[in-house]
Each structure stands twice: as C-alpha cells, then as structure tokens.
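What follows is one structure encoded as structure tokens, with my remarks underneath.
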Amino acid sequence: MITRARKIRTGLRRSSLSKPRRRPPPLPKHPTPAHNALKSAAAEDPSAALNHLISSSNPDYPACASLLYRLARARLFPELDALLLFIRSRRIPCSNSLFSALIRHFSLASLPQKALHLFFSIPSFNCSQGSPSLHTFNHLLDALVSNGCHDESRCLLDRCSEFGLRANHVSYNIVMKGKLRRDGYDGAVQVFDQMRKRGVSPSVVTYNMLIGVAGRNGELSKAMDLKEEMVKKGIYPNAITYAILMKAFCSSGKYVAAKKLMFDMEYQGCKTKVVNFGVLMSDCGRRDDFDEMKALLAEMRVRKIKPDDVIYSILINYLCENGRMDEAYKVLVEMQVKEGCKPSAAVYRMMVDGFCKVQEFEKGLGILNAMLVSGHCPRLETFGSLISGLVKGGRMDEVCFVLEEMMKRKLGLDLEEWHSLVDAGCGKCNGGGELLSQLTSMVFVGGDEG
DNA sequence: CTAGGGTTAG
C-alpha cells in the first residue's frame with residue numbers, strides 16, 4: 001500500500017527533486033577521524049553512537065543529522081526522541097528538510113501522531129526558518145492521509161494560515177488522495193471544487209488522480225473526457241497521464257487500444273517514457289504473453305527508450321512464476337551486461353525463489369551468492385526454502401555456507417523449519433545428521449536474538 | 001512534498 005519511497009528514485013521527477021536547498025547540509029569535506037568513528041559506530045550500533053554523541057564536547061549539525069537518519073531508519077524511536085531533545089536543548093541549528101525527513105519516517109512507521117507532534121514542536125527548535133515550511137507542512141499532510149487520518153488532514157489544511165502558510169496544489173492533491181480513498185470519485189471532486197473556489201489551480205497530478213479513479217472504476221470514456229477537459233484548461237497530459245489511461249484500457253481487456261494510445265501520445269506532443277512500456281509489459285505478463293513482452297523490449301531499443309530495472313523485474317517476475325528459469329537467468333545477465341541495470345533485492349529474491357521452485361537449489365545458491373556480494377539480504381523465507389532444498393539433496397557443505405551467512409545477519413530458522421531440516425538430514429546415512437547437530441548448536445547461539 | 005509500470009523497503 002505504501003509505495004512512496006520508491007517514487008523518489010524514479011527518473012521523471014528527479015530533476016525537480018534534486019534542488020540543492022532541499023538537501024541537509026553536506027558533511028565536511030575532510031571528516032575528522034572522530035567523525036568517521038562516529039559514523040561507523042552509528043552504522044553498526046546507532047544507540048551506542050547516540051551515547052557517544054551526547055557525551056561529546058561540541059556536537060555539530062552533520063553528526064546529529066546523520067545519526068537522526070540512522071535512528072529513524074533503524075526504527076529506534078526512543079533513542080531518536082532522546083536525540084531530538086538533546087538537539088533542542090543545545091540549540092543545535094537544524095534545517096526544515098530534517099523535519100520533513102523525520103515526518104516521513106514517522107509516517108512509514110505508522111506513527112502519524114508522532115509526525116503531528118514533531119511538526120508542532122518545530123518552533124521550539126533552532127530551525128533555519130523558525131517555523132515549518134510548506135514542504136514540511138505537505139509532508140505532514142501526507143503522513144496523516146497515508147495513515148488514514150483523513151479528518152485530521154482536512155482540518156490541518158484549513159488551519160494552514162495559522163502557520164503562516166498558504167496551501168498550494170500539492171497540499172490539495174494530498175488531501176484529495178485521502179478523500180478519494182475514503183469516498184471515491186465523488187469525494188475527490190469535492191476537494192477539487194474546494195481548491196478551485198479557494199483560487200488554487202488544479203495541476204496535472206490533480207487530473208491524473210481523477211483519471212486514475214475513473215479508470216479503476218472501469219469508466220474509460222469518463223477518463224478520456226477528463227483528459228480532454230484538462231487540455232482545454234491548458235493543463236497538458238504527461239507520460240504518467242497516458243500511463244494511467246493505458247492501464248485503464250489494459251484492465252478492461254483492451255490491450256490493443258492501450259498500445260494505440262501509446263503511439264497517439266507522441267502525436268499529441270508527449271514523449272513516450274519507460275513507464276508507458278511498463279504498463280504494457282505487466283499486462284502481457286498477467287496474460288503470460290512472453291513473445292509480446294520480448295517484442296516490447298525490442299521496440300524499446302528501436303525507440304531508444306532504455307529499459308530500467310522495473311521493466312526487467314516485470315519480465316523476470318513472470319518468467320520465474322512460470323518456471324522458465326533459464327530464460328529468467330539470461331535476462332538477469334542481460335540487464336546487467338547490456339543495460340548496466342543493477343538487479344534489485346526483489347529481483348534477486350524472485351530468482352532464488354524461482355530456482356527453488358523448480359528444484360534447482362545449486363543455481364539458487366549461485367544467485368544467493370551474487371545477492372550477498374551486491375550487499376542485499378534475502379528474506380528469511382528465501383533462506384529457508386534454499387536450505388531445505390539443499391538438505392534434501394545432501395549438499396551439506398552448501399547448507400553450512402548458507403547457515404553461516406544467516407548467522408552473520410542474526411537470522412535463525414523457526415522451530416518447524418529446524419524439524420524438517422533435522423528430519424531430512426538424519427535420513428541421510430553419510431553423516432549428515434552429525435554435521436547437522438553441529439550446525440544446530442552453532443546457529444542456535446547466533447540465532448536466538450531474532 | 002502530490003499522480004505512474006514491479007516489490008520487501010528507504
């Protein structure tokens with residue numbers, strides 16, 4: 001449900017996002033050894049780093065900010081609160097973007113009340129502007145909406161002047177998203193009318209949301225009408241508008257029409273982007289039409305639209321689901337060699353699980369290796385199915401390797417998994433049981449924390 | 001910051 005994090009990464013809005021003013025102040029060019037020590041300590045044990053920081057003589061903003069981010073990411077909220085109190089009492093100057101980031105973390109952790117509380121406490125900090133910015137305000141609105149606090153978000157929107165802020169189209173779009181979730185199209189239109197009455201013009205995103213809900217309701221002509229309406233108002237559809245429309249056509253079983261729309265958009269002066277191909281690719285995947293998926297990939301090359309990691313993950317996902325592992329593996333190699341795409345943890349997971357599903361555990365182990373080398377950590381279930389397969393095949397050296405990797409990450413098997421492991425291992429007459437009991441004692445030591 | 005193709009998220 002919450003997919004916001006991913007969106008930061010995608011190319012389309014990258015340029016508008018990377019304005020330097022939004023970044024927290026950079027770390028010093030030549031960090032001191034003490035600073036480096038603090039950073040690496042924070043990487044391993046953020047709460048130890050907190051104690052270190054609080055006892056240091058003159059903590060600076062960069063040290064505090066990087067530790068705050070770490071604590072937030074590690075979901076160590078009591079420690080984070082302690083550090084915030086420290087920053088406030090020492091009057092350490094901090095930027096508004098820091099508050100935005102923390103509000104976002106609170107939101108992702110389903111803690112909207114903490115987000116709200118932090119927002120209202122901004123004036124008590126030595127903050128660059130002394131009060132929350134519109135960006136921070138919108139982050140808070142989104143935190144409330146994403147956690148189902150619709151009334152609170154609307155109430156806050158109406159009170160924005162109290163913070164010296166004027167709500168913009170983004171603020172209204174966020175509230176509209178919430179209304180849309182709760183009351184569907186009609187609810188969204190209420191917010192739409194309200195924003196216009198208050199002199200805030202709808203944006204392309206506003207229309208994209210309305211078109212999206214019309215499409216999800218199967219109302220294709222309404223979706224197309226909305227597109228015409230926005231053009232008349234001088235708001236131009238972008239690649240995402242077309243992607244939304246194409247998806248609506250696809251989910252109504254009109255793949256050909258969706259594809260035609262992708263060509264039409266060029267005539268309308270809107271450049272086709274990778275997301276448009278993504279819509280078509282995933283529809284083909286749902287219908288197991290691999291030939292068309294490959295044709296689309298070829299088409300992208302001809303049109304010089306570089307397939308990205310998402311495109312490959314769509315293809316690999318459906319190949320794995322269909323047990324076509326040789327092809328999936330070829331694509332995995334191709335995406336790295338030809339396109340320089342780095343496989344995501346999700347793609348590695350699909351591959352390992354896919355190999356396990358077709359009982360090719362050693363190949364699965366090979367992928368696991370690549371995954372670990374690239375710094376990704378498999379899910380516990382993935383480790384589990386790989387181990388049980390390797391045990392059944394009597395590959396105890398490999399089992400041992402995998403268990404060691406799990407130990408390093410303080411991951412353990414659950415009791416049921418241990419049972420099947422021991423059962424399978426003892427069935428072998430080549431000393432597997434003996435090795436297993438060794439492993440058991442070994443992993444229980446490391447695994448009792450998780 | 002809000003809309004979008006996939007998923008385990010940040």
Side-chain angles (χ1 to χ4, degrees), chain A residues 1-13 16-17 19 22 69-70 72-75 96-97 99-101 103-105 107-109 132-143 145-146 153 167-178 180 188 191 195 202-213 215 230 235 237-248 250 258 262 273-286 296 307-318 320-321 343-350 353 376-382:
Chain A
M1 193 175 90
I2 298 169
T3 55
R4 286 160 294 164
R6 169 173 65 82
K7 290 169 194 161
I8 297 173
R9 234 187 20 173
T10 50
L12 218 63
R13 294 172 308 151
S16 65
L17 267 176
K19 287 170 192 153
R22 280 196 62 257
Y69 290 131
R70 284 223 165 267
R73 209 156 19 140
R75 301 271 196 270
N96 236 306
S97 62
F99 295 110
S100 296
I103 286 171
R104 194 179 181 80
H105 276 291
S107 173
L108 289 168
S133 68
L134 185 55
H135 263 263
T136 307
F137 177 77
N138 286 341
H139 269 290
L140 177 65
L141 275 181
D142 192 55
V145 165
S146 300
S153 71
N168 65 357
H169 61 105
V170 177
S171 323
Y172 280 93
N173 288 342
I174 293 164
V175 170
M176 185 189 216
K177 174 175 76 171
L180 196 145
V191 180
M195 74 189 279
S203 65
V204 58
V205 176
T206 318
Y207 271 99
N208 285 352
M209 281 197 285
L210 291 177
I211 292 170
V213 67
M230 66 191 280
I235 303 165
N238 59 17
I240 294 174
T241 314
Y242 283 100
I244 294 166
L245 285 166
M246 287 167 64
K247 196 187 173 190
C250 283
M262 192 171 81
K273 300 252 167 127
V274 65
V275 59
N276 302 99
F277 276 95
V279 172
L280 296 182
M281 287 280 285
S282 44
D283 191 60
C284 292
R286 276 188 287 271
L296 287 170
D308 63 4
D309 57 328
V310 179
I311 291 290
Y312 283 109
S313 76
I314 296 166
L315 181 57
I316 289 175
N317 180 38
Y318 288 109
C320 290
E321 273 190 10
S344 65
V347 166
Y348 281 120
R349 197 259 317 153
M350 291 169 199
D353 290 354
H376 290 294
C377 179
R379 296 189 320 186
L380 199 52
E381 301 92 300
T382 300

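Because only heavy atoms are used, hydrogens play no part in the values below, and waters and symmetry mates are left out as well, while side chains stay in. A, B, ... follow the sequence lines: proteins, then strands. Residue 1 opens every chain.
- Checking B:dG10, B:dT7, B:dG5 against every side-chain atom of A:Arg349, the shortest atom distance belongs to B:dT7.
- Checking B:dT7, B:dG10, B:dA3 against every side-chain atom of A:Leu108, the shortest atom distance belongs to B:dG10.
- Of the candidate nucleotides B:dG10, B:dT2, B:dG5, B:dT2 has the atom nearest to the side chain of A:Val170.
- Protein atom NE2 of A:His105 is 8 Å distant from nucleotide atom P of B:dG10, rounded to whole Å.
- The distance between atom CZ of A:Phe137 and atom P of B:dT2, rounded to the nearest whole Å, is 15 Å.
- Atom OH of A:Tyr318 and atom P of B:dT7 are 6 Å apart (whole Å).
- A:Asn276 contributes a side-chain N or O that, together with a main-chain N or O of A:Ala239, makes up a donor-acceptor pair within less than 3.5 Å.
- Between the OH atom of A:Tyr172 and the C1' atom of B:dA3 there is a distance of 19 Å, rounded to whole Å.
- Set against B:dG5, B:dA3, B:dT2, the side chain of A:Val274 has B:dG5 as its closest nucleotide.
- Of the listed nucleotides (B:dG10, B:dT7, B:dG5), B:dT7 has the atom at the smallest distance from the side chain of A:Asn317.
- Each of B:dT2, B:dG5, B:dA3 was ranked by its minimum atom distance to the side chain of A:Arg104; first place goes to B:dT2.
- Comparing B:dG5, B:dT2, B:dA3 by their nearest atom to the side chain of A:Ile314 picks out B:dG5.
- Heavy-atom nearest nucleotides on DNA chain B were determined for A:Arg379 and for A:Asn138, and the one closer to the 5' end corresponds to A:Asn138.
- At the heavy-atom level, A:Ser313 lies under 4.0 Å from base atoms of the strands shown.
- A:Asp142 places no side-chain N or O within 3.5 Å of a backbone atom of A:Asn138 that could act as its donor or acceptor partner.
- For A:Ala345, the side-chain atoms get nearest to B:dT8 when compared with the rest of B:dT8, B:dG10, B:dT2.
- Note: NZ (A:Lys273) to C1' (B:dG5) measures 14 Å, nearest angstrom.
- Nearest to the side-chain atoms of A:Ile240 among the listed nucleotides B:dA3, B:dT2, B:dT7 stands B:dA3.
- Side chain of A:Ser282 to backbone of A:Gly278: a donor-acceptor contact under 3.5 angstrom is found.
- Looking at the side chain of A:Ala346, the nearest of the listed nucleotides B:dT8, B:dG5, B:dA3 is B:dT8.
- Remark on DNA chain B: of its neighbouring residues A:Val279 and A:Arg73, the 5'-side contact belongs to A:Val279, judged by nearest-heavy-atom nucleotide.
- Between the side chain of A:Asp308 and the base of B:dG5 there is at least one donor-acceptor pair of N/O atoms closer than 3.5 Å.
- Annotation: salt bridge (Lys or Arg N to Asp or Glu O under 4.0 Å) contacts of A:Asp353 (sequence neighbours excluded): A:Arg349.
- Within 4.0 Å of A:Ile311, counting heavy atoms only, lies at least one base atom of the nucleic acid.
- In this entry the distance linking CG of A:Leu134 with P of B:dT2 reads 13 Å, nearest Å.
- Panel note: side chain A:Thr241, backbone A:Asn238; a donor-acceptor pair is recorded below 3.5 Å.
- For the P atoms, the distance from B:dA3 to B:dA9 is 16 Å, rounded to whole Å.
- In this structure, A:Leu141 atom CG and B:dT2 atom C1' are separated by 10 Å, rounded to whole Å.
- Close to B:dG4, at under 4.0 Å from its OP1 or OP2, lies no side-chain N or O of A:Lys247.
- In this structure, A:Met230 places its CE atom 18 Å from P of B:dT2, rounding to the nearest Å.
- Take A:Tyr348 and apply the ring pair (Phe, Tyr, Trp, His ring centres under 6.0 Å) test, not counting sequence neighbours, and it matches A:His376.
- A:Met281 comes within contact range of no nucleotide atom at all, as no heavy-atom separation falls under 4.0 Å.
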